[in-house]
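Structure record follows, encoded as structure tokens.
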Amino acid sequence: MEKHGVRRIGVLTGGGDCPGLNAVIRGVVKTGIYRYGLEVVGIEDGYLGLIENRMHVMDPTEVSNILTSGGTILGACNKADPARYAIWKDGQWTHRDVTDEVIEHYRRWKLDALVVIGGDGTMAGANHLIRHGLKVVGVPKTIDNDLPETDITFGHDTAAATAADALDKVHTTASSHHRVMVVELMGRYAGWLALRAGVASGADVILIPEIPFRIDAVAARCVERSKHGKRFTIIAAGEGAYPAGGEMIVDHMDKSSPDPLRLGGVAKCVASEIERATGLESRSIVLGHIQRGGTPTAFDRVLGTMLAHHAVELVMAGRFGELVVFRGGKIDSVPIDAIAGRIKTVPADDPLVQAARSVGTCFGDDRTVGPRARAATISADPRQDSHSEPRRPD
Ligand code: F6P
């Protein structure tokens, strides 16, 4: 069946990988072939495959048995921006616009449309290609859950489950050794991952970029817990968390990437500051790319399948330039450029932040509630603090 002149579509996975990508690829390939009789071309390594002309016609057997596997069978790349492609030349990175090559390869493969699966960088690339006349539909992915216009991105649920599992495991060793354990989680400039994983595992302290922390408040919570017989503290720290008046900690710059800044190091700093301020033995752990791997949760497989189906429906309806989203429990779509240059951060009054505060979670700011609240907020030197009466939530 041919509709809107569409007979052959390309599919690619751009940006960093995340659990559920294979569920989306499978959904696009099977919906395209079985439901609409399309040919589906798999583009290898995100936009890099379009730049280097690496793609192949896919067969349904290629996507058989991949629903439950992490990663992406097509490969991914978070560096190949067609408008600003990084090339290593004479000992340094230079950039070149390779849009013409991309368009040539798109035409040579007789692609009528592209389904691009990716995060903000991939969607910026999609917008660029749309402006150059290519027909594109987007599917949002990221473990960070920081894309606007969608309630959740696939991959986030699995990453939060993985991070919560790691925090659970750290609980037992922290308890055995009476230590403060600071676990650094991904998420870039948004705290969704640290917030959800922290709440899921009952972390005592959650540090996120949206709520700058005071190290004395965090240290006071650790000391207060010790005084009440809880001789360990679990801290879930988003990699973008930073102290009030301070800055996010940059691990390194990746000059080959369109988004070169890589965060990292906050857990180490927080752990050493706490140990210095309180004398409590403190350790840091960076969970890193483990959060991007593994078997997707049932939620992510279902969401990925629904998004994929809808993406192909949009293509067949000729609704190019749209991004499939999940809002209010339903699949919907918005223009891809609606998310350009925007990120979705955790609102200070997010229901999950409020719920966490109600059960006594410390965010390292002045608004911590519960029996240990005053200890965490009034003392500049946590060692001098004394037990105080509970106060009511704000
Ligand atoms: O956006 C996903 C993400 O995993 C972030 O949470 C993290 O900051 C970044 O990618 C790491 O990127 P890379 O894989 O290039 O180190």
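Counting convention: from 1, in listed order, for ligands and their atoms alike. Values in this document were obtained by computation on a predicted structure and should not be read as measured data. Position 1 is the first residue of the sequence, and the numbers go up from there.
How far CZ of Arg276 is from OG of Ser282: 11.5 Å, rounded to the nearest 0.5 Å.
No more than 12 heavy atoms of other residues, nucleotides or ligands lie within 6.0 Å of NZ in Lys268, so this atom counts as exposed by the packing criterion.
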Under 3.5 Å, which donor-acceptor pairs do the side chains of residues 84-93 form with other protein atoms, sequence neighbours left out?
{"unit_1": "Arg84", "atom_1": "NH1", "unit_2": "His95", "atom_2": "NE2", "d": "3.4"}
{"unit_1": "Arg84", "atom_1": "NH2", "unit_2": "His95", "atom_2": "ND1", "d": "3.4"}

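Evaluation of the ring pair (Phe, Tyr, Trp, His ring centres under 6.0 Å) rule for His171 yields Phe232 as partners, not counting sequence neighbours. Among residues two or more places apart in sequence or in another chain, the ring pair (Phe, Tyr, Trp, His ring centres under 6.0 Å) test is passed with His128 by His132.
Residue-level contacts of ligand 1 at the 4.0 Å heavy-atom threshold are Asn78, Ile143, Asp144, Met186, Gly187, Arg188, Glu239, Arg262, His289, Arg292.
Looking at Arg262, its side chain does come within 3.5 Å of a backbone N or O of Asp259 through a donor-acceptor pair.
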